[in-house]
Amino acid sequence: MTHKSALITGITGQDGAYLAELLLGKGYEVFGVHARRSTDTLWRLRHLGIEDRVTLISADLTDLSSLVRCLDVSKADEVYNLGAQSFVGSSWDQPILTTNVTGTGVVNMLEAVRMVNKGARFYQASTSEMFGLIQEEMQSESTPFYPRSPYGVAKLLGHWMTVNYRESFGMHASSGILFNHESPLRGIEFVTRKVTDAVARIKFGKQKELRLGNIDAKRDWGFAGDYVEAMWLMLQQEVADDYVIATGVTTTVREMCRIAFSHVGLGYEDHVIIDPKFYRPAEVDVLLGNPAKAQRQLGWKAKTSLEKLIVMMVEADLNRVGRE
């Protein structure tokens with residue numbers, strides 16, 4: 001068991017909650033940056049039974065002074081920057097907010113680490129959305145980026161800043177280029193949870209239809225609980241680097257719907273309605289990650305199949321909707 005200290009921005013999100021659980025299991029003292037923007041942001045920590053085991057510090061990625069205070073208070077050996085405006089769809093409606101939080105917020109966090117404890121190891125949550133209009137059939141660490149949303153552009157700013165701080169200041173700063181990763185803790189606005197929640201509601205007669213946009217878009221989906229282990233492994237390496245974290249399998253939204261609906265004995269064709277309102281201004285048609293480097297250097301591999309993941313999410317939503 002270790003006696004390290006970790007600071008997680010975005011601790012109340014899906015990844016932050018699973019990462020906090022993982023680090024607590026390894027004996028870390030865990031601190032979380034808590035931006036007080038909405039009513040109940042702690043439900044994920046409660047769901048995992050760890051709300052009382054983490055120390056929350058009120059701060060914001062847009063406020064450098066508050067981040068400096070977080071580093072002072074936590075004495076963090078490892079800093080995981082997961083905080084962001086993370087919903088791609090909203091980034092067209094809020095491009096400036098997305099840039100400030102998801103892009104400039106990374107610079108603020110890097111600068112806080114450099115000012116307070118340059119020796120702390122830093123993880124940046126990069127994203128497959130940076131590949132956007134894909135330049136290669138399978139995307140690896142060397143694939144050129146072509147983001148197709150304000151979110152993807154903002155994440156690319158944070159990604160390159162992480163590389164720059166590593167090269168300019170000798171910081172142990174790594175980026176995980178994570179492909180889509182889901183769980184029962186996923187926000188309802190994301191397509192996988194939108195589908196599994198609708199399946200549960202339709203099964204219980206509380207909803208009749210599910211409106212979606214481009215169901216022929218392809219994504220490389222994994223389980224968030226698997227992916228946070230890769231984050232931790234990156235910061236245990238002697239040399240900082242960037243890694244694609246993915247399953248290496250791509251699936252259409254249509255097929256994901258089929259798996260979800262068939263689990264409760266329904267046909268997705270009877271309930272899914274294509275609504276142009278949900279099409280993006282610039283669509284990312286296919287994402288498929290090549291996790292070979294992570295397998296080779298980190299010894300990491302995705303453990304959970306898409307079928308197992310979607311069934312897990314449908315069951316969680318059936319339980320939740322059944323209690324309502």
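This one's a predicted model, so the numbers in the text were calculated from it and none came from an experiment.
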Co-membership, hydrophobic cluster, residues [X] and [Y], 4.5 Å side-chain:
{"X": "Val107", "Y": "Phe122", "answer": "yes"}
{"X": "Met256", "Y": "Leu288", "answer": "no"}
{"X": "Val314", "Y": "Leu266", "answer": "yes"}
{"X": "Val73", "Y": "Val68", "answer": "yes"}
{"X": "Leu24", "Y": "Leu185", "answer": "yes"}

Which residues share a ring-ring contact (aromatic ring centres under 6.0 Å, His included) with Tyr165, sequence neighbours left out:
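Result, ring-ring contact (aromatic ring centres under 6.0 Å, His included) vs Tyr165: Phe169.
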Would you confirm whether [X], through its side chain, and [Y], through its main-chain N or O, come within 3.5 Å as a donor-acceptor pair?
{"X": "Thr252", "Y": "Lys218", "value": "no"}
{"X": "Arg148", "Y": "Leu133", "value": "no"}
{"X": "Arg69", "Y": "Ala59", "value": "no"}
{"X": "Ser262", "Y": "Gly265", "value": "no"}

Can you list everything that forms a side-chain contact (heavy atoms from CB on, under 4.5 Å) with Asn117? Sequence neighbours excluded, please.
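Result, side-chain contact (heavy atoms from CB on, under 4.5 Å) vs Asn117: Ala120.
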Ala200: what forms a side-chain contact (heavy atoms from CB on, under 4.5 Å) with it, not counting sequence neighbours?
Asp317, Leu318, Val321
To the closest 0.5 Å, what do you measure between [atom1] ([X]) and [atom2] ([Y])?
{"X": "Asn290", "Y": "Ile177", "atom1": "CG", "atom2": "CD1", "answer": "11.5 Å"}
{"X": "Glu51", "Y": "Thr12", "atom1": "CD", "atom2": "OG1", "answer": "11.0 Å"}
{"X": "Leu306", "Y": "Thr192", "atom1": "CG", "atom2": "OG1", "answer": "9.5 Å"}
{"X": "Ile215", "Y": "Ile273", "atom1": "CD1", "atom2": "CD1", "answer": "11.5 Å"}
{"X": "Leu156", "Y": "Tyr151", "atom1": "CG", "atom2": "OH", "answer": "12.0 Å"}
{"X": "Ile8", "Y": "Cys70", "atom1": "CD1", "atom2": "SG", "answer": "12.0 Å"}

How would you list, by chain and number, every residue that makes a side chain to side chain donor-acceptor pair (under 3.5 Å) with [X], sequence neighbours excluded?
{"X": "Thr247", "answer": "Asp220"}
{"X": "Asp72", "answer": "none"}
{"X": "Glu29", "answer": "none"}
{"X": "Asp241", "answer": "Lys293"}

Within residues 226-236 or reaching into it, pairs that qualify as side chain to side chain donor-acceptor pair (under 3.5 Å) - sequence neighbours excluded
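Residue pairs passing side chain to side chain donor-acceptor pair (under 3.5 Å), neighbours aside: Lys4-Gln236, Tyr28-Trp232, Glu78-Gln236, Asp226-Thr304, Glu229-Lys303.
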Enumerate the residue pairs fulfilling side chain to side chain donor-acceptor pair (under 3.5 Å) with a member in residues 130-146, sequence neighbours excluded, ordered by first and then second residue.
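Only Glu136-Thr143, Ser140-Ser142 qualify under side chain to side chain donor-acceptor pair (under 3.5 Å).
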Any non-hydrogen side-chain atom of [X] less than 4.5 Å from a side-chain atom of [Y]?
{"X": "Val163", "Y": "Trp160", "value": "yes"}
{"X": "Leu61", "Y": "Met109", "value": "yes"}
{"X": "Val239", "Y": "Gln237", "value": "no"}
{"X": "Leu287", "Y": "Phe131", "value": "yes"}
{"X": "Val253", "Y": "Asn214", "value": "no"}
{"X": "Arg121", "Y": "Val79", "value": "no"}

Step by step, work out the side-chain contact (heavy atoms from CB on, under 4.5 Å) result for Arg201 and Glu324.
CA-CA 10 Å; Arg201 291 185 177 281; Glu324 287 178 358; 3.1 Å; yes
Indicate the atoms forming the closest heavy-atom contact of [X] with [Y], along with that distance.
{"X": "Leu212", "Y": "Val272", "result": "CD1-CG1, 4.0 Å"}
{"X": "Ala230", "Y": "Leu298", "result": "O-CD1, 4.2 Å"}
{"X": "Gly152", "Y": "Met130", "result": "O-CG, 3.9 Å"}
{"X": "Thr162", "Y": "Gly158", "result": "OG1-O, 2.8 Å"}
{"X": "Ala246", "Y": "Gly289", "result": "CB-CA, 3.6 Å"}
{"X": "Gly49", "Y": "Arg53", "result": "O-CD, 4.3 Å"}

Given the rule in the side chain to side chain donor-acceptor pair (under 3.5 Å) test, do Thr9 and Asn81 qualify, once you have shown the distances and angles that lead to the verdict?
CA-CA 5 Å; Thr9 73; Asn81 187 46; 2.7 Å; yes
Flag the pair His271 / Phe261 as yes when their ring centroid distance falls below 6.0 Å, and as no otherwise.
yes
Taking the six-membered ring for Trp, is the centroid-to-centroid distance between Tyr243 and Tyr123 below 6.0 Å?
no
Can the positive tip of Arg193 be found less than 6.0 Å from the middle of the six-membered ring of Phe190, inside 45° of the ring normal?
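No; the conditions do not both hold, so Arg193 does not lie above the ring face of Phe190.
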Only counting residues at least two apart or in another chain, list the ones meeting salt bridge (Lys or Arg N to Asp or Glu O under 4.0 Å) with Glu209.
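Applying salt bridge (Lys or Arg N to Asp or Glu O under 4.0 Å) to Glu209 gives Arg211.
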Not counting sequence neighbours, which residues clear salt bridge (Lys or Arg N to Asp or Glu O under 4.0 Å) with Glu307? List them please.
none
Give a yes or no on whether Met171 atom CE has more than 12 heavy-atom contacts from other residues, nucleotides or ligands under 6.0 Å away.
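Enclosed.
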So with a 6.0 Å cut-off around NZ of Lys206, is the heavy-atom count from everything else above 12?
yes
Step by step, would you call Glu182 with Phe223 a side-chain contact (heavy atoms from CB on, under 4.5 Å)?
CA-CA 5 Å; Glu182 319 297 317; Phe223 173 46; over 6 Å; no
I would like to know whether Ile11 and Arg44 meet side-chain contact (heavy atoms from CB on, under 4.5 Å); could you show each step before the answer?
CA-CA 9 Å; Ile11 194 170; Arg44 293 179 177 90; over 6 Å; no
Answer yes when Arg254 and Asp216 have at least one side-chain N-carboxylate O distance shorter than 4.0 Å, and no when they do not.
yes
Between Arg219 and Glu255, is the closest basic N to carboxylate O distance under 4.0 Å?
no
What I want to check is whether the side chains of Gln85 and Thr102 have a donor and an acceptor closer together than 3.5 Å.
no
If we ignore angles and hydrogens, is there a donor and acceptor under 3.5 Å between the side chains of Ser175 and Gln124?
no
Under the salt bridge (Lys or Arg N to Asp or Glu O under 4.0 Å) rule, what pairs show up with a residue in residues 154-169, not counting sequence neighbours?
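Pairs touching residues 154-169 that pass the test: Arg166-Asp242.
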Test side-chain contact (heavy atoms from CB on, under 4.5 Å) on Ile245 and Met234 and set out the steps.
CA-CA 11 Å; Ile245 303 300; Met234 286 179 217; 3.7 Å; yes
